[in-house]
Amino acid sequence: MKSICILLGSSIGSRPEYLLETEKIAKLIVTSNISLVYGGGKLGLMGALADTVLKHGGNVTGIITQELYDRNEAHLKLTNLFIVESMHKRKAMMMDLSDGFIALPGGLGTLEELFEIWNASKLSLHNKPIGLLNTKNYYNKLIQFINYSSRNFFLSDEQKRIIYINKHAKTLLSLMHDHYHLNEEKVK
Ligand code: AMP
C-alpha cells in the first residue's frame, strides 16, 4: 500500500492513549513508506496525526471543504492541501487517493466517513481494506453491534470480512497489507 487514509477525531478525546496511539501510527506510516491522506484539519487527533507524520519526514495530503477552510480549521503546512466544495467530493477524493482506510477513535465525522467508505465497498465501488484501530477498546460497542447485525443477517460475511479490527497499529497494517496484495494478485 502506498497511501492510507486515516479517519479520526477532530477532538483530542478523554484518554492520553488516544493521542499516544495516533502518534504511534503516524510514525509507523512514515517508516513503512506510506503516504497519509486525511481530512486536512489542524484540530484534535487529526492535527496531531499530520504534525507527527510531517515531523518524521512523511508525506501528507489533506482534503478539506471550503467551509472548514474558511472557518480556519485547515492544517496549512501539509505536503498537499486540496480544498473541495462539498463533503461528498471530499470523501470521493479520499477514496480515490488511498489504497486503504483506517478509523481511529473519533466522533460523528469519523463514523460517517467510515460507514460511507464501507458501504462503497459493498456497492463494489472499491475493494480496498478498511481497518478499525480499537485503541483502549474504544470501538468495542460498535464491534458488538457489527456482530449483532451479522447474526441478524443484515450484514453478510463478505461485508464483515473487509473490516480488519485490531488494537495494535502494526498488526492492523500488516493484515491490511495482505488483503491489498491478495487483491492486486486477483486483478493481474
Ligand atoms: P469527528 O470524528 O466528528 O471529530 O470528525 C472527524 C472526521 O470528520 C475527520 O476524519 C474529518 O475528515 C472530518 N472533520 C470533522 N470536523 C473537522 C474539522 N474541524 N476539520 C477537518 N475535518 C473535520
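Every number for a ligand or one of its atoms is a count from 1 in the order of the listing. Please read these numbers as outputs of a predicted model, since none were measured by experiment.
Residue G109 has at least one nitrogen or oxygen atom sitting less than 3.5 Å from a nitrogen or oxygen atom of ligand 1, judged on distance alone. For ligand 1, the polar-atom distance check against L7 finds no nitrogen or oxygen pair separated by under 3.5 Å.
Using a non-hydrogen distance threshold of 4.0 Å, R90 registers as a contact of ligand 1. Residue contacts with ligand 1 leave out G40, since none of its heavy atoms falls under 4.0 Å from the ligand.
In this structure the side chain of L133 never reaches within 4.5 angstrom of the side chain of Y138, judged on heavy atoms.
With a heavy-atom cut-off of 4.0 Å, T110 touches ligand 1 through backbone and side chain alike. With a heavy-atom cut-off of 4.0 Å, R71 does not touch ligand 1 at all.
In this model, a donor atom of one side chain and an acceptor atom of the other lie less than 3.5 Å apart for K167 and N137. Between the side chains of N134 and N166, not a single donor N or O lies within less than 3.5 Å of an accepting N or O. A donor atom on one side chain and an acceptor atom on the other are found under 3.5 Å apart for Q66 and D70.
Atoms of ligand 1 lying under 4.0 Å from at least one heavy atom of G106, given by number and element, are 2 (O). Heavy-atom contacts of G9 reach the following atoms of ligand 1: 2 (O), 4 (O) (cutoff under 4.0 Å). Listed by number with element, the atoms of ligand 1 under 4.0 Å from a non-hydrogen atom of G107 are 1 (P), 2 (O), 3 (O). Below 4.0 Å from some heavy atom of G41 lie the following atoms of ligand 1, by number and element: 20 (N), 21 (C).
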Going through the checks in order, is the ring-ring contact (aromatic ring centres under 6.0 Å, His included) test met by H126 and F101? CA-CA 11 Å; H126 70 82; F101 312 91; 5.4 Å; yes
Considering only distance and modelled atom types, tabulate donor-acceptor pairs under 3.5 Å from the side chains of residues 49-57, sequence neighbours left out.
unit_1 : atom_1 : unit_2 : atom_2 : d
D51    : OD1    : H75    : NE2    : 2.7
T52    : OG1    : A48    : O      : 2.7
H56    : ND1    : T52    : O      : 2.9

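Summarising the local packing, CG of L108 is surrounded by 12 or fewer heavy atoms from other residues, nucleotides or ligands at distances under 6.0 Å.
The single protein non-hydrogen atom nearest to atom 19 (N) of ligand 1 is E73 OE1, 2.2 Å, given as residue, atom name and distance. The protein non-hydrogen atom at the shortest distance from atom 10 (O) of ligand 1 is E113 OE1, 2.6 Å. Annotation: atom 6 (C) of ligand 1 to nearest protein heavy atom, L8 O, 3.1 Å. When hydrogens are left out, the protein atom nearest atom 16 (N) of ligand 1 is S10 OG, 3.5 Å; that is the closest non-hydrogen contact.
Of the candidates L36, L173, L97, I25, L173 is the only one forming a side-chain contact (heavy atoms from CB on, under 4.5 Å) with I4.
Rounded to the nearest 0.5 Å, atoms CD1 (I163) and CE (M176) are 9.5 Å apart.
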